[in-house]
Amino acid sequence: GVPQNALPMDTLGNYQLLEEVARGGMGIVYKARQTQLNRTVALKMILTGQLAHETEIQRFRTEAAAAAGLEHPGIVPILEIDQQEGFHYYTMSFIEGESLAQRLERGPLPHQEAAALMQKVCTAVSYAHQNRVLHRDLKPANILIDEEGQPKITDFGLAKSLDGEHDLTATGEILGSLQFMAPEQAVGEQTKIGPATDIYSMGLILYRLLTKNSPIETSGS
C-alpha cells in the first residue's frame, strides 16, 4: 500500500484514511475506517481536492447521485455523499478482492469463466439502463471481483442520465478510456451515446478476457 505519510490528511469528517487504493481521471479512492460505525469503506474524493472548480464538483456529485440510485448485487453501493472543509467525497462499500484489470495481469480467463462473469456484468448494466443510467466508462479496472468471485461495477464517473439531465460533458469532449470506448464516444458525438455505447464496451472487455489482447490498441488504459 501507499505509505501513511503519502496521504493528504489522516482524517476527513468521521473517516480515518488508511491507504490509497485507486486513482482515476478525476477521483482518488482510499480505504477508510468510518469511526462512528467502526466499518471499513471505500472513500472517493475529487482528485484536485479543495482546488476543484464548480464543473468538477457538479460532475463528481452527479456521478455519486447516479450510482446512489442503483441497488443491485452487481453494482458497488453508495453509502454517503458529503463534503468537509471543501473536500467533496462519497463513500462506497469496500470490496475485498481485486479488479478485473488485476486479474487479467495473470493471463486470459477460461472461456466459460469469462462468459459467466460477463453475463453477470451484463445483468448489472442492464439494470442500470432500466433505471435510465449509462455508465460510459466500462473497463476491467472498473469491475471489481469480490472474495466470492462475483463481479461488481464501480466508478460511474462518466454516468449519464438517459433522461437528458445531469450530462455535463460538452459536445466534442472525449472522456473515458479509449481502449474500451465505442466509436461514437471516441469522436465525441454526445447525441449518439446511448445503451449501445455500454454494450460495445462490454464486448471489448469480453474480447480482452478471452485473448488478453485489446481489439483497439492505444496507449490509454
How close do [X] and [Y] get, heavy atom to heavy atom, and via which atoms?
X   : Y   : result
I46 : A52 : CG2-CB, 3.7 Å
L47 : R23 : CD1-NH1, 3.6 Å
L12 : M45 : CD2-CE, 3.8 Å

Just how far is it from atom [atom1] of [X] to atom [atom2] of [Y], taken to the nearest 0.5 Å?
X    : Y    : atom1 : atom2 : answer
I153 : L70  : CD1   : CG    : 9.5 Å
L134 : H129 : CG    : NE2   : 5.0 Å
L206 : Q119 : CG    : CD    : 12.0 Å
T35  : Q16  : OG1   : CD    : 8.0 Å
I28  : E20  : CD1   : CD    : 3.5 Å
T197 : D137 : OG1   : CG    : 12.5 Å

*Aromatic ring centroids of F60 and Y89 under 6.0 Å?*
no
Is the backbone of [Y] close enough, under 3.5 Å, to the side chain of [X] for a donor and an acceptor to pair up by distance?
X    : Y    : result
S99  : L144 : no
N131 : V133 : no
K152 : P73  : yes
S201 : F180 : yes
D198 : R136 : yes
T211 : Y207 : yes

Tabulate below the donor-acceptor pairs under 3.5 Å that side-chain atoms of residues 78-88 make, not counting sequence neighbours, or state none.
unit_1 : atom_1 : unit_2 : atom_2 : d
E80    : OE1    : Y15    : OH     : 2.2
Q83    : OE1    : G86    : N      : 3.4

*Verdict with supporting geometry, R33 and L17, side chain to side chain contact (heavy atoms under 4.5 Å, CB included)*: CA-CA 7 Å; R33 169 73 57 185; L17 303 185; over 6 Å; no
Could you check whether any side-chain heavy atom of [X] comes within less than 4.5 Å of a side-chain heavy atom of [Y], counting everything from C-beta outward?
X    : Y    : result
I75  : Y127 : yes
H72  : T123 : yes
H135 : N142 : yes
K31  : F94  : yes
L100 : L209 : yes
T11  : M9   : no

_side chain to side chain contact (heavy atoms under 4.5 Å, CB included) between V121 and M202, intermediate numbers included_ = CA-CA 8 Å; V121 172; M202 288 190 288; 3.9 Å; yes
*Can you sort out the partners of P108 under side chain to side chain contact (heavy atoms under 4.5 Å, CB included), two or more places apart, ordered by chain and number?*
K212
_Other residues, nucleotides, ligands: >12 heavy atoms within 6.0 Å of Q50 CD_ = yes
*Polar side chain donor-acceptor pair, T91 to Q34, under 3.5 angstrom*: no
*asked:* Check K139 with D155, please: is the shortest side-chain N to carboxylate O separation under 4.0 Å?
replied: no
_Run the side chain to side chain contact (heavy atoms under 4.5 Å, CB included) test on I145 and L117 for me, step by step, so that the C-alpha distance in whole Å, both residues' side-chain angles and the decisive distance to 0.1 Å come before the verdict._
CA-CA 9 Å; I145 311 298; L117 189 81; 3.7 Å; yes
*Mind running side chain to side chain contact (heavy atoms under 4.5 Å, CB included) on L104 and L109 for me, showing each step along the way?*
CA-CA 8 Å; L104 273 169; L109 276 67; 4.3 Å; yes
*Kindly indicate, with the supporting measurements, whether the criterion salt bridge (Lys or Arg N to Asp or Glu O under 4.0 Å) is fulfilled by R106 and E98.*
CA-CA 12 Å; R106 300 196 297 275; E98 62 182 351; 3.0 Å; yes
